[in-house]
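Following: one structure in structure tokens, then a few remarks.
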Amino acid sequence: MANIQGGVFNEIACNNPQTPMPVTELNPAQTRAMLQQVAERIIEAEAVLSEADRQLGDGDHGIGMKRGMEAVLKELSELDETATVGELFGSMGMAMISSMGGASGIVFGSMFRVGAKALKDSPEAFTSDGLVTLLQQANETIMKRGGAKPGDKTMLDALAPAQNAARLSSDKPVSEALENAAIAAETGRDDSCAMIATMGRAKTLGEKSIGHPDAGACSVAIILRTMADCAAKN
Ligand SMILES: [Mg+2]
């Protein structure tokens, strides 16, 4: 019989959202592995993200996110083993802000950076409650920094529904809350296709922006989908 403990099997398991056993919470090592996987998936998606941005903007979203996530991988690999759940998210956010630059760096970095505060009450476990607080603060911070609201065809159109879904799953194991948040983010990304852009470069396209998803919403969907799939395999 083939050895199923190898890397290929783990890779497949990580991609399988149907894993039946719920995972109540993640410890710091599991959280770190999940965030590393997020960075790797975003790097792999560079071309897809840049193409999405090319339809509506200047086509640099994938490159910026890739640069940020390469800095994240470096930061996470150098971070001490005693790093708490909040410190892991916070360091990830800081690495993105300092390496990506521009609006994207600030809004996407903030999405993780808020984790440093949001998750400080539970340093050794990433739970559904932590996820809810993280997504809530991420939404608030990004609305404040970016000046957008849901419906403007931005990353918030994936992030806001994800926050709602997580909130409704706050009494569930973290793997289920993440799965529900990921589904909501993917639906939100798809829903952004029908929206007219009112922010940034895409605004000038007006109704021509209909039919394409927002690139930032695509990134949010990938981030939450990867977190859900990785949480479920623990
Ligand atoms: Mg761009």
Side-chain angles (χ1 to χ4, degrees), residues 35 37-75 89 91-115 135 137-163 181-182 184-227:
L35 296 179
Q37 190 78 54
V38 165
E40 283 163 14
R41 283 290 144 79
I42 288 286
I43 290 168
E44 284 166 18
E46 180 199 349
V48 176
L49 295 174
S50 284
E51 180 52 30
D53 192 27
R54 229 184 315 278
Q55 298 297 332
L56 300 175
D58 55 5
D60 66 349
H61 184 66
I63 293 170
M65 290 297 284
K66 183 185 177 196
R67 192 189 313 128
M69 291 303 182
E70 282 169 350
V72 165
L73 287 178
K74 185 167 182 291
E75 176 72 21
F89 276 89
S91 302
M92 181 164 183
M94 277 314 293
M96 293 176 79
I97 291 169
S98 56
S99 64
M100 289 169 68
S104 250
I106 291 170
V107 289
F108 273 94
S110 297
M111 180 177 162
F112 292 93
R113 175 122 203 273
V114 295
L135 291 177
Q137 294 193 9
N139 266 282
E140 278 171 21
T141 305
I142 291 166
M143 277 194 267
K144 212 186 296 171
R145 295 253 165 99
K149 56 187 188 314
D152 285 341
K153 202 177 179 98
T154 71
M155 68 187 288
L156 286 170
D157 292 308
L159 198 57
Q163 177 208 327
E186 290 167 335
T187 305
R189 170 203 60 203
D190 295 345
D191 289 348
S192 77
C193 290
M195 295 172 187
I196 297 174
T198 60
M199 297 290 295
R201 218 175 273 252
K203 188 180 171 181
T204 58
L205 293 171
E207 289 192 356
K208 285 185 193 147
S209 64
I210 294 175
H212 304 285
D214 173 66
C218 293
S219 280
V220 171
I222 292 171
I223 288 165
L224 285 166
R225 169 49 57 206
T226 307
M227 287 172 72

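Atoms within a ligand are numbered from 1 in the order they appear, just like the ligands themselves. We number each residue from 1, following the sequence as shown.
- Ionic pairing of R41 and E44 is present here: one or more N-O contacts between side-chain nitrogen and carboxylate oxygen are shorter than 4.0 angstrom.
- Between R189 and E186, none of the side-chain N atoms (NZ, or NE/NH1/NH2) sits under 4.0 Å from a carboxylate O, so this pair counts as no salt bridge.
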Next on the checklist: Does V38 form a side chain to side chain contact (heavy atoms under 4.5 Å, CB included) with V72? I'd like the steps, not just the answer.
Outcome noted: CA-CA 10 Å; V38 165; V72 165; over 6 Å; no
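- Annotation: salt bridge (Lys or Arg N to Asp or Glu O under 4.0 Å) contacts involving residues 198-210, sequence neighbours excluded, comprise D58-R201.
- Listed by chain and residue number, the protein N/O/S atoms under 2.8 Å of the Mg ion (ligand 1) are D53 OD2, D58 OD1, D60 OD1, with waters left out.
- Counting only N and O atoms by type, the side chains of T198 and D152 include a donor and acceptor under 3.5 Å apart.
- Distance check: L56 CG to M199 CE gives 14.0 Å after rounding to the nearest 0.5 Å.
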